[in-house]
Undergrad: 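Dumping the structure here so I can ask a few things about it.
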Amino acid sequence: MSAAEGPLVVGVDTSTQSTKALVVDASTGQVVASGQAPHTVTSGAGRESDPRQWWGALCEALRQCGDAAHEAAAVSIGGQQHGLVTLDARGEPVRPALLWNDVRSAPQARRLTEELGGAKFWAERTGSVPAASFTVTKWAWLAEHEPEAARATQAVRLPHDYLTERLTGEGTTDRGDASGTGWWASGTESYDEEILAHVGLDPALLPRVVRPGEVAGTVRDSHELPFSKGTLVAPGTGDNAAAALGLGLRPGMPVLSLGTSGTVYAVSRRRPADPTGTVAGFADAHGDWLPLACTLNCTLAVDRLAALLGLDREAVEPTTGLTLLPYLDGERTPNLPNASGVLHGLRHDTTAGQLLQAAYDGAVHALLGALDLVLDDDADRSAPLLLIGGGARGTAWQQTVRRLSGRPVQVPEAKELVALGAAAQAAGLLTGEDPAAVARRWHTTRGPVLDAVERDEATLARISGVLSDAAPLLERSPEDH
């Protein structure tokens, strides 16, 4: 381990596919140790994971960090949002967690919207219109389809809450992750009793919402973890809010994240409420807001197309008349939970490389379409897009974003921004600083800026046209096919 200038902190990213842990020097931001371990996710109609796997992966990732983890003074966990974790009286999972990309609750999302005052009510009350990804719809699905599991549930948690509670023994969450449940009122920053009563969920089953900068607890005595007993535990937060901390975002700085899901977001001083449901009005992890739009199909969908075609993911070729809407898992933005992929414009001379480029174009089109709605009117729309996530270093992704956005693109050199943001939150507990200011001190956005190129209006218009024309197909429920 290299010598550290200041105290050490641990930041964790428990994502859909794996858990990553970083040990970071709180003074400099230097990563002095890291570890990673995978999870499994079911395939088929649902997307589920056993939360105990997350704990096992956390223990393994920390074990890989060696002695550095034992020296850490504080720890924080960033995690995949929206997942429904149901626990029994002993704190054991009642059933596997329903993950954010499980869209079986689409009918419940529609019904809840209609039953409680419509989209405008939900946007004004919670900041967001329920989509199948939101936790409230998953609880409604569980109560309808597995009532015995719902009755056996004695605690309801989000993924990051589950791990934080196993560290501290206390049931806590934070405003950033709570704002993605659909049962947290953004205006009063408290659980919404009317919504909870409507879905039959006792608020006593929910975790306490810890305020930014507050200590969630301390690490309890456990032989499974390398932490010293009494190590401080920060509130943690959802993955996007953690990445926003990791970038040290100031209001109006636009982010485009390319991962299993794709997201666009920016910090805002204003509480968002979009009745169209395109923008989720999330809270951030340090007192502001994080309006965000999310797509279900991003790097995983494009990689699946590349595999089907037998191509490397970078083997794209320019295309002029081909459109591919890569909605392989249904879609959230636009809100088409029952959709599947659509290909239009196939010709005898179409190449596999052109098909692959069309998949990139379709994935990026959905994200850029929401970007203007995410940004406040006073945001600088010529500022570079911060490109992060697993796809950000891919040349094909970079060039597609540049061509379809017409904006400069900055690719931060810092990796694992969710874990870095969690580490910055942990560091803030020790120094009393705003975690975003900690990340700015760590220079986490440092990286090359790719100049703007002329925006490809023709491709954007073509994709929008196909999307509009294909609407009747995309909106069909599975039983109609």
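We use all heavy atoms of the structure for the numbers below, so side chains are in, but hydrogens, waters and symmetry mates are not.
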Undergrad: Determine all donor-acceptor pairs shorter than 3.5 Å in which one atom belongs to a side chain in residues 416-425; sequence neighbours excluded.
TA:
from	atom 1	to	atom 2	distance (Å)
Gln425	OE1	Ser76	OG	2.5
Gln425	OE1	Gly236	N	2.8

Undergrad: Just checking, Arg175 and Trp289: is the charged tip under 6.0 Å from the six-membered ring centre and within 45° of the axis?
TA: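 Yes, Arg175 and Trp289 form such a contact.
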Undergrad: Under a 3.5 Å threshold, yes or no: a donor from one side chain and an acceptor from the other, between Thr135 and Thr181?
TA: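 No, no side-chain donor-acceptor pair sits under 3.5 Å.
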Undergrad: For Trp442 and Ala26, indicate whether the former's side chain and the latter's backbone hold a donor-acceptor pair under 3.5 Å.
TA: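 Judged by distance alone, yes, a pair lies under 3.5 Å.
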Undergrad: Working to the nearest 0.5 angstrom, can you tell me the gap between Leu158 CG and His82 NE2?
TA: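 Leu158 atom CG to His82 atom NE2 measures 9.0 Å (nearest 0.5 Å).
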Undergrad: Taking Asp288's backbone N and O only, do any of them form a donor-acceptor pair with Asp284's side chain (distance below 3.5 Å, no angle check)?
TA: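 Yes: the side chain of Asp284 pairs with the backbone of Asp288.
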Undergrad: Could you state the interatomic distance from CD1 (Ile77) to CG (Asp174), rounded to the nearest 0.5 Å?
TA: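 If I round to the nearest 0.5 Å, the distance is 12.0 Å.
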Undergrad: Can you name the side-chain hydrogen bond (donor to acceptor under 3.5 Å, both in side chains) partners of Ser27, sequence neighbours left out?
TA: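 Residues passing side-chain hydrogen bond (donor to acceptor under 3.5 Å, both in side chains) with Ser27: none at all.
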Undergrad: Less than 4.0 Å between a side-chain N and a carboxylate O, is that true for Glu48 and Arg104?
TA: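 Salt bridge flag = yes for Glu48 with Arg104.
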Undergrad: Check the angle between the aromatic planes of Trp397 and Tyr360 and answer parallel, tilted or perpendicular using the 30° and 60° thresholds.
TA: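 Correct class here is perpendicular.
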Undergrad: Where the side chain of Trp139 meets the backbone of Leu84, is there a donor-acceptor pair that is under 3.5 Å apart?
TA: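 Not a single qualifying donor-acceptor pair exists.
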Undergrad: Using modelled atom types and a 3.5 Å cut-off, is there a donor and acceptor pairing between side-chain atoms of Glu314 and backbone atoms of Ala396?
TA: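 A pair under 3.5 Å: yes.
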Undergrad: Nearest 0.5 Å please: distance from the CD atom of Gln357 over to the CG atom of Leu305.
TA: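 Rounded to the nearest 0.5 Å, the CD-CG separation comes out at 12.0 Å.
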Undergrad: Taking Thr333 for its side chain and Thr295 for its backbone only, find out whether a donor-acceptor pair lies under 3.5 Å.
TA: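 Absent.
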Undergrad: Is the side chain of Ser405 donor-acceptor paired with the backbone N or O of Leu385 at a distance under 3.5 Å, no angle test?
TA: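 Flag not set: sc Ser405 to bb Leu385 has no pair under 3.5 Å.
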Undergrad: Distance-only, no hydrogens or angles: does the Tyr162 side chain make a donor-acceptor pair with backbone N or O of Leu87 under 3.5 Å?
TA: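 No: the side chain of Tyr162 does not pair with the backbone of Leu87.
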Undergrad: Hey, could you give me the CG/CD distance between Leu99 and Gln81, rounded to the nearest 0.5 Å?
TA: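 One gets 13.0 Å once the value is rounded to the nearest 0.5 Å.
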Undergrad: Testing the 3.5 Å rule here: is there a donor-acceptor pair between the side chains of Thr237 and Asp177?
TA: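 Checked: Thr237/Asp177 side chains show no N/O donor-acceptor pair below 3.5 Å.
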Undergrad: Taking Arg166's backbone N and O only, do any of them form a donor-acceptor pair with Arg220's side chain (distance below 3.5 Å, no angle check)?
TA: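 Checked: pair present.
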Undergrad: Answer with yes or no whether the side chains of Asp274 and Thr276 bring together a donor and an acceptor at under 3.5 Å.
TA: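 The answer is yes; a qualifying pair exists.
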